[in-house]
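Here's the structure we're looking at; comments come further down.
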Amino acid sequence: IVSRLCLEKILLQCIIQSRTLSGADAIHALKPFYFAVHPDFFGQHPKERAVNENSLKRLNGYLENLQKPGFHSFKPTQLTFYVREREPNSSSVQESFSTSGFRAVSFTLHTRDLLSTVLDILNSCSLSTEHIQSLSVNSQPHKEAKRALNRPIKWDKTYYSFTGFKDPEEELDQAQRVETTLTSWLDDNEASAVVKLKKSLPLRKELERLKFELSHQLQLSDIRWQRSWGIAHRCSQLHSLGRLVQQRPEVLKNVKGHTVVFTERSGMSAAGHVMLGTMDVHHHWTKIFERLPNYYKLQERLLFLEDRISQLLGGIQVIYVEELQPLLTLEEYYDTLDSFYNKLLDSRLPFHPQSLRGLQMILESDRYTPSLHEFGHFTIPTVCDPATLRWFIIAKAQEARENLKRREEMMITEKELIDTSAEKFSLDRLYKEPSVTSAQMIDCCKRLLEESLPYLQGMHLCISHFYSVLQDGDLCIPWNWKS
């Protein structure tokens, strides 16, 4: 029996080795996937970008573990990505389309080698796997390799009893049966989060110091970041701004009273914030600060356009919601408003003056049908047919007023629950990702308050859509966590 088992084990190792990808090959094979989900391509869609950023961090961790010598134990990892795609397909993977037009794909990784992991990822996202044939993995056709991966060798149960090895099928079945709970996840991850948090504390203090000094020196309203960069990156960006202040103090006098946002490109945002591109050099930043007076003039024209649109639509207020809309420059937003205004001017919709006063609307260029947000504002596509627009607003006006009233109550409730939860668990910070709605946050906090969670004392807790420990020790938990 022992000889047979040893022979089978040698055969299995040979089969596995013949289908092993190197780390470089895996990166090359996943290029189509990275291109479809990379956060840099989602600059105007902050919610989708945040989800992809976090999922990529967890995926990279999974791939790194697979390449570690002697790595055997693993935990099934569920990931969600927004994919830049054309239309839905009939894949068996759980997927849905976001309001931004991206396909949301969720899948669970439980493979033990790079090749099968790469194939799982590409197949889950409905991406081609033909290019993998060109890699020097083995001489068999891709279909045969895929069939072999999907039909692994099954060992007799006596093999595991005799050798003491764990049965991978039994482990996988058990992992799939047992759903991750909040307490079990905190048990497994609290220690590593504490280590990362302690390591980040000096940098956190440095960040607060730099932010306070620059805000005071330049008389800024606030300093923000569009992306979830780590503490070290944020400090580096503030140091860079500080050097510019020392070198060219005269060009920064125009920024007084504004909010500075570190993002991917430089300019002024639709919300009126000064954007500093993190990849730009000081020369580009200097030009933005020098151009601020021109931006102020464009802002005045933009406000005039919003007022004219409001008059044509019965007094409804045109707003720009930073958390919900794509990140637009002032020029881009002005062009959007101007195009929409000219369209309304030509149609001459018969709205009674001020009949829609008190209601709000936002404009979006990547939608095709109007909708009413749970917060009470209308989301109107710039390409919307004027007659359809008029019918929709009139039909939903009363519901919109009710939602606006409910929003005020919801925001008060949300803040109270956040404060109460932070106090009960002695959290250093409790916050949520922009993609988490107020209703979801309220539900999450209410259920948290029913639990006893000593692990959270002194921690930074982020309410998200998945479990994760961030590089600086912040704990991320899904808003709909299981107890």
Side-chain angles (χ1 to χ4, degrees), residues 40 42-46 49 210-211 213-227 229 234 237-311 317-344 360-366 377 380 382 434:
D40 285 351
F42 290 74
Q44 294 189 345
H45 301 276
R49 178 191 195 110
L210 288 169
K211 186 177 176 181
E213 288 180 358
L214 282 170
S215 296
H216 179 73
Q217 188 175 359
L218 299 176
Q219 299 184 52
L220 300 173
S221 294
D222 196 9
I223 298 177
R224 300 180 194 168
W225 287 264
Q226 184 211 355
R227 291 179 58 181
W229 281 293
R234 297 187 180 202
Q237 290 153 9
L238 291 183
H239 278 299
S240 187
L241 179 58
R243 286 193 295 273
L244 181 60
V245 173
Q246 293 175 350
Q247 295 165 6
R248 299 291 305 276
E250 72 281 357
V251 302
L252 288 147
K253 60 183 179 181
N254 295 322
V255 79
K256 178 181 176 181
H258 279 77
T259 293
V260 168
V261 181
F262 288 97
T263 181
E264 251 103 46
R265 47 185 179 164
S266 297
M268 180 169 277
S269 73
H273 303 325
V274 179
M275 301 189 300
L276 298 181
T278 56
M279 301 300 290
D280 292 339
V281 294
H282 280 178
H283 172 68
H284 294 111
W285 288 7
T286 301
K287 288 179 67 177
I288 293 302
F289 289 125
E290 289 174 343
R291 289 180 58 196
L292 284 179
N294 293 328
Y295 280 122
Y296 300 152
K297 293 176 183 177
L298 183 58
Q299 263 188 314
E300 291 177 3
R301 292 165 57 196
L302 187 145
L303 292 172
F304 174 77
L305 261 183
E306 287 182 338
D307 186 58
R308 294 294 298 155
I309 292 172
S310 175
Q311 291 178 28
Q317 182 186 9
V318 183
I319 61 172
Y320 178 84
V321 184
E322 234 182 326
E323 297 80 11
L324 300 175
Q325 291 184 256
L327 180 67
L328 299 176
T329 63
L330 199 65
E331 296 95 331
E332 290 169 341
Y333 188 48
Y334 179 85
D335 289 342
T336 299
L337 287 172
D338 188 50
S339 172
F340 186 70
Y341 171 67
N342 289 326
K343 190 173 185 177
L344 287 179
Q360 298 175 334
M361 62 169 275
I362 64 174
L363 278 175
E364 287 201 4
S365 55
D366 57 358
H377 61 260
I380 306 299
T382 54

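Computed from a predicted model, the values in this text were never measured in an experiment.
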In Å and rounded to the nearest 0.5 Å, what is the [atom1] to [atom2] distance from [X] to [Y]?
X: Tyr296; Y: Leu330; atom1: OH; atom2: CG; result: 11.0 Å
X: Glu332; Y: Leu327; atom1: CD; atom2: CG; result: 8.0 Å
X: Leu214; Y: Leu238; atom1: CG; atom2: CG; result: 6.0 Å
X: Leu276; Y: Ser266; atom1: CG; atom2: OG; result: 6.0 Å
X: Gln317; Y: Ile362; atom1: CD; atom2: CD1; result: 12.5 Å
X: Arg234; Y: His239; atom1: CZ; atom2: NE2; result: 14.5 Å

Taking the six-membered ring of Phe262, is NZ or CZ of Arg224 closer than 6.0 Å to its centre and within 45° of its axis?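 No, Arg224 does not lie over the aromatic ring of Phe262.
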At their closest point, which heavy atom of [X] faces which heavy atom of [Y], and how far apart are they?
X: Gln237; Y: Trp225; value: OE1-NE1, 2.6 Å
X: Arg265; Y: Leu328; value: NH2-CA, 4.0 Å
X: Arg248; Y: Leu252; value: O-CD1, 3.8 Å
X: Ile223; Y: Ser215; value: CD1-OG, 3.6 Å

Verdict with supporting geometry, Arg308 and Gln311, side-chain hydrogen bond (donor to acceptor under 3.5 Å, both in side chains): CA-CA 5 Å; Arg308 294 294 298 155; Gln311 291 178 28; 3.0 Å; yes
Side-chain contact test, heavy atoms from C-beta onward, threshold under 4.5 Å: evaluate it for [X] versus [Y] and give yes or no.
X: Thr278; Y: Thr263; answer: no
X: Thr259; Y: Leu220; answer: no
X: Glu364; Y: Thr382; answer: no
X: Leu244; Y: Phe289; answer: yes
X: Glu322; Y: His273; answer: yes
X: Tyr320; Y: Leu363; answer: no
X: Leu241; Y: Trp285; answer: yes
X: Met268; Y: Leu292; answer: yes

With a 3.5 Å distance limit and no angle check, can you tell me whether Ser221 reaches the backbone of Gly257 through a side-chain donor-acceptor pair?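 Yes, Ser221 side chain to Gly257 backbone: donor-acceptor pair under 3.5 Å.
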Under-4.0 Å salt bridge between [X] and [Y]:
X: Glu331; Y: Arg291; value: yes
X: Asp222; Y: Lys211; value: yes
X: Glu290; Y: Lys253; value: no

Given Asp307, Val318, Leu337, the one that forms side chain to side chain contact (heavy atoms under 4.5 Å, CB included) with Leu302: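 One option only clears the test, and that one is Leu337.
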Might you work through the side-chain contact (heavy atoms from CB on, under 4.5 Å) test for Lys256 and Gln219, ending with a clear yes or no? CA-CA 5 Å; Lys256 178 181 176 181; Gln219 299 184 52; 3.0 Å; yes
Audit row: Ser269, Met275, side-chain contact (heavy atoms from CB on, under 4.5 Å) steps and yes/no: CA-CA 6 Å; Ser269 73; Met275 301 189 300; 3.7 Å; yes
Run Glu264 and Gln226 through side-chain contact (heavy atoms from CB on, under 4.5 Å) and show every step you take. CA-CA 8 Å; Glu264 251 103 46; Gln226 184 211 355; 4.0 Å; yes
Show the numbers, then the answer: is there a side-chain contact (heavy atoms from CB on, under 4.5 Å) between Phe340 and Leu305? CA-CA 10 Å; Phe340 186 70; Leu305 261 183; over 6 Å; no
Donor-acceptor side-chain pairing of Ser240 and His282 below 3.5 angstrom: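 His282 and Ser240 do have a side-chain donor-acceptor pair below 3.5 Å.
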Does atom CZ of Phe304 have more than 12 heavy-atom neighbours from other groups under 6.0 Å away?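 No, CZ of Phe304 has 12 or fewer neighbouring heavy atoms, counting only those of other groups under 6.0 Å.
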